[in-house]
Amino acid sequence: MAEQERWDAVDDYVTSALTLADEALDAALGDSDAAGLPQIAVAANQGKLLQLLAEVQGARKILEIGTLGGYSTIWLARALPADGRLVTLEYQAAHAEVARRNLARAGLDGVTEVRVGAALDTLPLLEAEGAGPFDFVFIDADKVNNPHYLDWSVRLTRPGSVIVCDNVVRGGAVADADSADPAVVGTRELIDRVAAHPGLSATVVQTVGSKGYDGFLLARVTG
């Protein structure tokens with residue numbers, strides 16, 4: 001069995017054994033595919049990890065940077081209490097409409113808000129509105145701007161908040177200091193900023209599975 005086939009088989013087994021998928025989540029993926037969205041949503045077991053992390057955190061206010069079709073948004077929103085709030089930022093208006101429909105079908109439109117526009121334009125508006133501090137932030141957008149998304153995440157959180165950034169291993173390419181790939185350059189700058197920040201404690205976890213070889217950064221705001 002090839003590596004990818006083995007990874008797929010494990011993900012399929014875990015998802016089936018732990019019932020990580022359900023009708024609303026399956027429909028969200030189906031509608032996203034039908035609308036022509038790229039198939040880059042988190043895997044089911046990764047979505048459940050996000051939900052568990054947010055639940056362990058006791059998050060009442062969640063910020064997501066990069067909505068796509070709302071699949072990860074559903075996982076995160078399910079971690080919220082009844083009076084919780086999730087704000088998710090999506091650059092593409094067409095993607096945002098798909099996400100809104102998916103969230104409504106999942107019964108989560110009352111606790112979620114999808115904002116359209118470039119995140120670097122929307123994040124300052126959140127700060128001006130006093131929308132924070134957020135207890136949990138999930139960054140899963142264009143990798144070039146990861147360093148800037150990190151800066152805003154720190155500004156919009158508090159000591160004790162958790163920040164997760166997806167796709168930071170890049171199939172191992174993140175270890176290449178000479179890479180000219182803008183996504184790798186942006187990710188390495190993200191990690192450098194985290195390492196240099198006195199108010200962040202973090203690690204990177206490598207992952208394999210149906211989404212291939214990648215990983216995520218997990219950071220806690222300490223001050």
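Numbers for residues simply follow the sequence, beginning at 1.
For Ala118, the side-chain contact (heavy atoms from CB on, under 4.5 Å) partners at least two apart in sequence or on another chain are Tyr91, Asp121. For Asn145, the side chain to side chain donor-acceptor pair (under 3.5 Å) test picks out Asp142, with sequence neighbours left out. Shown here are the side chain to side chain donor-acceptor pair (under 3.5 Å) partners of Gln92, two or more places apart in sequence or in another chain: there are none. Asp26 pairs by the salt bridge (charged side-chain N to carboxylate O under 4.0 Å, His left out) definition with nothing, not counting sequence neighbours. The side-chain contact (heavy atoms from CB on, under 4.5 Å) search around Ser161 returns Thr157, Arg158, Val221, not counting sequence neighbours. Under the rule for a side chain to side chain donor-acceptor pair (under 3.5 Å), the partners of Thr88 that lie at least two apart in sequence or sit in another chain are Glu64, Thr67. Looking at residues two or more places apart in sequence or on another chain, you find no side chain to side chain donor-acceptor pair (under 3.5 Å) involving Gln46.
Heavy-atom minimum distance, Tyr149 versus Ala119: CE2-CB, 3.7 Å. Contact detail for Ile139 and Ser153: the closest heavy-atom pair is CD1-OG, 3.6 Å. Closest approach of Ile74 to Ala106, counting heavy atoms only: CD1-CB, 4.1 Å. Closest approach of Ala96 and Val116 over heavy atoms only: CB-CG2, 3.4 Å. Counting all heavy atoms, side chain and backbone alike, Leu20 lies closest to Asn45 at CD1-CA, 3.5 Å. The two atoms that bring Ser210 and Asp8 nearest to each other are CA-OD1, 3.2 Å, heavy atoms only.
Screening residues 212-223 for side chain to side chain donor-acceptor pair (under 3.5 Å) gives Asn167-Asp214, Gln206-Tyr213 as the qualifying pairs, with residues at least two apart or on separate chains. Listed by first then second residue, pairs satisfying salt bridge (charged side-chain N to carboxylate O under 4.0 Å, His left out) with a partner in residues 67-77 number zero, not counting sequence neighbours. Pairs passing the salt bridge (charged side-chain N to carboxylate O under 4.0 Å, His left out) check and including a residue from residues 161-186, sequence neighbours excluded, do not occur. Sorted by first then second residue, the salt bridge (charged side-chain N to carboxylate O under 4.0 Å, His left out) pairs that include residues 78-106, not counting sequence neighbours, are Asp22-Arg78, Asp31-Arg105, Arg60-Asp83, Arg85-Glu113, Glu97-Arg100.
A continuous path of ILVMFWY side-chain contacts below 4.5 Å connects Leu218 to Phe138, so both sit in one hydrophobic cluster. Connection of Val169 to Val184 is not established within any shared hydrophobic cluster, with ILVMFWY side chains joined at heavy-atom distances below 4.5 Å, either directly or through further cluster members. At a threshold of 4.5 Å between side-chain heavy atoms, the hydrophobic network of Ile, Leu, Val, Met, Phe, Trp and Tyr places Val87 and Leu103 in two separate groups. Grouping the Ile, Leu, Val, Met, Phe, Trp and Tyr side chains by contacts below 4.5 angstrom, directly or via other members, places Leu53 with Leu18. A continuous path of hydrophobic side-chain contacts links Leu49 to Val205 [ILVMFWY only; heavy atoms under 4.5 Å].
Within the 4.5 Å cutoff, the side chain of Phe136 has heavy atoms near those of the Leu76 side chain. At least one side-chain heavy atom of Leu80 sits under 4.5 Å from a side-chain heavy atom of Leu86. Counting only heavy atoms from C-beta outward, the side chains of Trp152 and Thr122 never approach each other to under 4.5 Å. Taking 4.5 Å as the limit, every side-chain heavy atom of Ser32 sits out of range of all side-chain heavy atoms of Leu29. Under the 4.5 Å side-chain criterion, counting only non-hydrogen atoms from C-beta, Val114 is not in contact with Thr73. No side-chain heavy atom of Val174 sits under 4.5 Å from any side-chain heavy atom of Val168. With contacts defined as side-chain heavy-atom distances shorter than 4.5 Å, the pair Leu217/Val164 does not qualify. Considering only heavy atoms from C-beta on, Leu126 comes within 4.5 Å of Leu63 through its side chain.
In the displayed structure, Gln39 atom CD is contacted under 6.0 Å by at most 12 heavy atoms of other residues, nucleotides or ligands.
Looking at Glu189, its side chain never comes within 3.5 Å of a backbone N or O of Gly186 through a donor-acceptor pair. A side-chain donor-acceptor contact under 3.5 Å links Lys211 to the backbone of Ala41. No donor-acceptor distance shorter than 3.5 angstrom exists from the side chain of Lys61 to the backbone of Ala59, with no hydrogens or angles considered.
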For this session: Begin with the C-alpha distance, continue with both residues' side-chain angles, and end with the deciding distance and a verdict on side chain to side chain contact (heavy atoms under 4.5 Å, CB included) for Val42 and Asp140.
Result: CA-CA 9 Å; Val42 300; Asp140 190 13; 4.2 Å; yes

Exercise. Does the side chain to side chain contact (heavy atoms under 4.5 Å, CB included) test come out yes or no for Leu123 and Leu156, once each step is laid out?
Worked result: CA-CA 9 Å; Leu123 289 162; Leu156 289 167; 3.8 Å; yes

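Within the model, atoms CG of Asn146 and CZ of Arg188 stand 14.0 Å from one another, a figure rounded to the nearest 0.5 Å. Atom SG of Cys165 and atom CG of Leu150 lie 8.0 Å apart (nearest 0.5 Å). Of the inter-residue distances, the one linking Tyr71 atom OH with Leu50 atom CG reads 10.5 Å to the nearest 0.5 angstrom.
Clustering of Ile, Leu, Val, Met, Phe, Trp and Tyr side chains at separations under 4.5 Å places Ile40 together with Leu37, Leu68, Val98.
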